[in-house]
Each structure stands twice: as C-alpha cells, then as structure tokens.
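Note that the structure is a prediction, hence the values are computed from the model and not measured. Along the sequence shown, residues are numbered consecutively beginning with 1.
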Amino acid sequence: MLKTFLFLALAVSLPASGSAQENRCDVKLADLPHSTELRNFNLRMSTDQVKQRLPQVIFGRADEFGVIKTSINPHYDPKIDKTGLDDIRTISLDFLDGQLTSLWIGYESSFKWSNVDDFVKGISRSLELPSAWSSWRDRGRQLRCVDFTITVTMVAGGVSFRVVDESAADLIALRREAKEELASSQESEESGHIVSDKSSKTYYPGGCRPDPAISDTSRVVFRSVEEAEKAGYTRAKRCE
C-alpha cells in the first residue's frame with residue numbers, strides 16, 4: 001500500500017516527459033537569423049542601418065528617455081518605393097539610444113501566411129523557433145524567449161507581427177522610474193519650503209503652487225515666509 005502511494009505521489013509531482021522543454025524558448029535575440037518575411041530587419045540595427053534598408057523612413061528627435069518611434073505605410077503612401085515591401089501594409093519601428101528595439105509589421109491579407117496559425121508555423125521555421133507559443137488575447141499567439149517577445153495577431157484582415165527587445169523595454173522602465181523618483185524627491189525636499197518666482201518677485205506658501213510652473217532659471221526656494229519677504233518677495237495673489 002505504501003509503495004503504491006509513493007508511486008502515485010511521484011507521478012503527480014513530476015511533469016510529463018519533455019513538457020518543460022516544449023513550453024520554453026531558450027533562443028536569444030543575438031541568435032535570430034535574418035528572415036525574408038521580416039524584410040531583412042532585425043532588432044538592434046542602428047538608425048543608419050535602417051535608413052540604408054529603408055531610405056523612405058524619417059526619424060524624429062529622441063524623447064527624454066532616448067526613445068524614437070516612427071512608421072511607414074507602403075500600402076497607403078504612393079511616394080514610397082514598394083520594392084521589397086510587397087504584401088506589407090505598415091511597418092512601425094521603435095529605437096532606444098539609436099538601436100532598433102521593437103519591430104511591428106502589418107501584412108496584407110494577400111500575404112502567403114494569411115492567418116495566425118499558418119504565420120506561427122511559418123515564422124517558427126524561418127527564425128528557427130521552438131513550438132512554445134501560448135495564446136494571447138483574442139486569437140493571437142505569443143512566444144517569450146530569453147530576451148525578446150514575439151506576438152502574432154490579426155489586424156484589419158491581415159496578420160500582424162511584433163518582436164520586442166525585452167532588455168530595452170526594461171531599461172526604458174528603469175529610466176521612467178528614475179525620473180519619477182527624482183521628481184518625488186524634489187517635491188519632498190520642497191515640502192515645508194517656499195517656492196518663489198525670481199522674475200515676478202512672488203512666493204507661493206504652503207500647498208499653493210504656481211500655474212504654470214516656474215522655469216528653472218526663475219525658481220528660488222526659501223526656508224520660510226519671513227525669509228522670502230526679507231528678500232523682497234510678496235505673496236502671490238492666487239495664494240491669498
């Protein structure tokens with residue numbers, strides 16, 4: 001009886017043979033091969049490399065976190081040379097510090113893999129990916145690997161493909177968090193202090209805050225109302 005119980009307990013605790021491997025993707029971003037289906041784009045290309053590949057692309061200025069987002073629409077824009085972009089509706093590109101970190105391609109319904117299941121099978125062969133895909137939202141599929149994530153779904157009657165560099169996404173999140181912590185720290189330092197405007201010679205006591213915000217060049221902080229008034233500042237009318 002005891003032997004039977006131990007055997008059943010062991011059978012329950014151990015996963016089925018091969019299931020752990022089947023549900024895991026150990027592929028790294030650096031290992032992904034070039035793919036004609038992705039029009040020879042690959043993550044971590046530089047903006048110069050993307051410009052060589054796609055001369056029509058226009059880059060804006062990076063935001064405060066080092067991110068640039070841009071897109072082109074070969075299907076809708078007659079000025080775009082569609083050579084090599086057949087069956088492509090839209091391409092969206094995200095960059096961090098000058099490197100491509102997110103690639104989104106929207107395919108036409110005429111693309112050779114016209115549904116999610118066929119696309120997943122085809123792109124898995126093309127990129128040498130394991131069959132570790134999971135369901136994602138409404139009829140989509142997703143594959144999470146070592147340092148990147150691929151999502152496939154349907155948009156406007158055609159398949160859409162997105163691959164994201166997760167290490168870049170983590171870095172952006174850290175930069176946003178650092179900014180929020182700095183703002184919170186500055187607010188804490190100024191609580192109980194008197195924020196003043198050097199250009200108008202006015203101060204804002206307590207919870208009263210200037211609107212619009214005072215520029216850095218005009219911002220002065222006093223330790224008390226008395227100190228502000230001794231310096232020749234008067235209380236702002238909106239704070240009376």
Side-chain angles (χ1 to χ4, degrees), residues 7-46 49-50 53-54 67 69 71-75 84-96 99-174:
F7 174 79
L8 291 173
L10 183 60
V12 170
S13 63
L14 291 176
S17 177
S19 62
Q21 290 292 334
E22 292 172 0
N23 294 320
R24 188 176 67 194
C25 174
D26 294 326
V27 180
K28 295 181 180 180
L29 193 57
D31 298 330
L32 288 178
H34 290 275
S35 169
T36 56
E37 287 79 19
L38 303 186
R39 301 306 189 264
N40 294 317
F41 285 103
N42 61 281
L43 295 195
R44 298 182 181 171
M45 294 174 73
S46 68
Q49 289 173 319
V50 171
R53 170 67 190 87
L54 196 65
V67 175
K69 295 178 180 286
S71 63
I72 67 166
N73 302 282
H75 177 76
L85 300 176
D86 52 303
D87 294 325
I88 300 294
R89 185 176 61 253
T90 303
I91 299 177
S92 294
L93 309 162
D94 292 1
F95 297 83
L96 176 64
Q99 286 192 324
L100 183 61
T101 58
S102 173
L103 169 66
W104 185 92
I105 300 179
Y107 297 86
E108 296 286 1
S109 58
S110 57
F111 186 67
K112 61 181 179 179
W113 302 325
S114 59
N115 60 65
V116 169
D117 289 340
D118 287 346
F119 193 97
V120 165
K121 291 176 184 176
I123 205 67
S124 294
R125 289 193 301 268
S126 182
L127 294 178
E128 302 173 6
L129 300 170
S131 57
W133 297 78
S134 59
S135 298
W136 186 81
R137 295 188 180 177
D138 183 22
R139 297 178 297 170
R141 302 290 296 280
Q142 190 173 77
L143 180 67
R144 293 180 176 274
C145 298
V146 175
D147 54 359
F148 67 94
T149 299
I150 294 176
T151 304
V152 178
T153 189
M154 297 294 294
V155 175
V159 179
S160 77
F161 167 94
R162 189 184 186 198
V163 56
V164 176
D165 182 343
E166 293 296 344
S167 61
D170 291 342
L171 180 56
I172 294 171
L174 284 174

Criterion side chain to side chain contact (heavy atoms under 4.5 Å, CB included) on Ile150 and Leu127, from CA distance to verdict: CA-CA 11 Å; Ile150 294 176; Leu127 294 178; 4.2 Å; yes
Which atom of Trp133 lies closest to which atom of Arg141, heavy atoms considered: CB-NH2, 3.3 Å
Nearest-0.5 Å distance, CG of residue Asn115 to NZ of residue Lys121: 8.5 Å
Pairwise side-chain contact, Ile105 with Ile88, heavy-atom cut-off 4.5 Å (strictly under): yes
Any Leu103 side-chain heavy atom under 4.5 Å of Ile91 side chain: yes
Leu129 vs Val120 side-chain heavy atoms within contact, under 4.5 Å: no
Minimum heavy-atom distance between Met45 and Asn42, given as atom pair plus value: CG-O, 2.8 Å
Backbone N/O of Glu37 and side chain of Tyr107: donor-acceptor pair under 3.5 Å: yes
CG-CG distance between Leu96 and Leu171, expressed to the nearest 0.5 angstrom: 5.5 Å
Evaluation steps, side chain to side chain contact (heavy atoms under 4.5 Å, CB included), between Thr90 and Trp104: CA-CA 8 Å; Thr90 303; Trp104 185 92; 3.6 Å; yes
Closest non-hydrogen atom pair, Ser109 against Ser114: O-CB, 3.8 Å
salt_bridge(Asp86, Arg39) N-O dist < 4.0 Å: yes
Any donor-acceptor pair under 3.5 Å from Asn73 side chain to His75 backbone: no
Neighbour count >12 (heavy atoms, 6.0 Å) for atom CZ, Arg139: no
Atom of Pro130, atom of Val27 and distance for their closest heavy-atom approach: CD-CG2, 4.0 Å
Short side-chain to backbone donor-acceptor contact, Asp147 and Ser167, under 3.5 Å: no
Whether over 12 other heavy atoms sit under 6.0 Å from Lys28 NZ: no
Thr151 side chain reached by Arg137 side chain, heavy atoms, under 4.5 Å: no
Exercise: identify the closest heavy-atom pair between Ile123 and Ser35: CD1-OG, 4.3 Å
Verdict with reasoning, Ser134 to Gln142, per side-chain hydrogen bond (donor to acceptor under 3.5 Å, both in side chains): CA-CA 5 Å; Ser134 59; Gln142 190 173 77; 5.2 Å; no
Side-chain touch Arg44/Asp165, heavy atoms, less than 4.5 angstrom: yes
Test item: Thr101 side-chain N/O and Asp94 main-chain N/O as donor-acceptor pair under 3.5 Å: yes
Ser110/Glu108 under side-chain hydrogen bond (donor to acceptor under 3.5 Å, both in side chains): CA gap, chis, key distance, verdict: CA-CA 5 Å; Ser110 57; Glu108 296 286 1; 5.6 Å; no
Considering all heavy atoms, the nearest Ser92-Ser71 contact: OG-CB, 3.4 Å
Phe161 and Phe119 aromatic ring geometry - parallel, tilted or perpendicular at 30°/60° bounds: tilted
Worked check of side chain to side chain contact (heavy atoms under 4.5 Å, CB included) between Arg162 and Ser102: CA-CA 7 Å; Arg162 189 184 186 198; Ser102 173; 3.1 Å; yes
Stepwise side chain to side chain contact (heavy atoms under 4.5 Å, CB included) test for Leu100 and Leu93: CA-CA 7 Å; Leu100 183 61; Leu93 309 162; 3.8 Å; yes
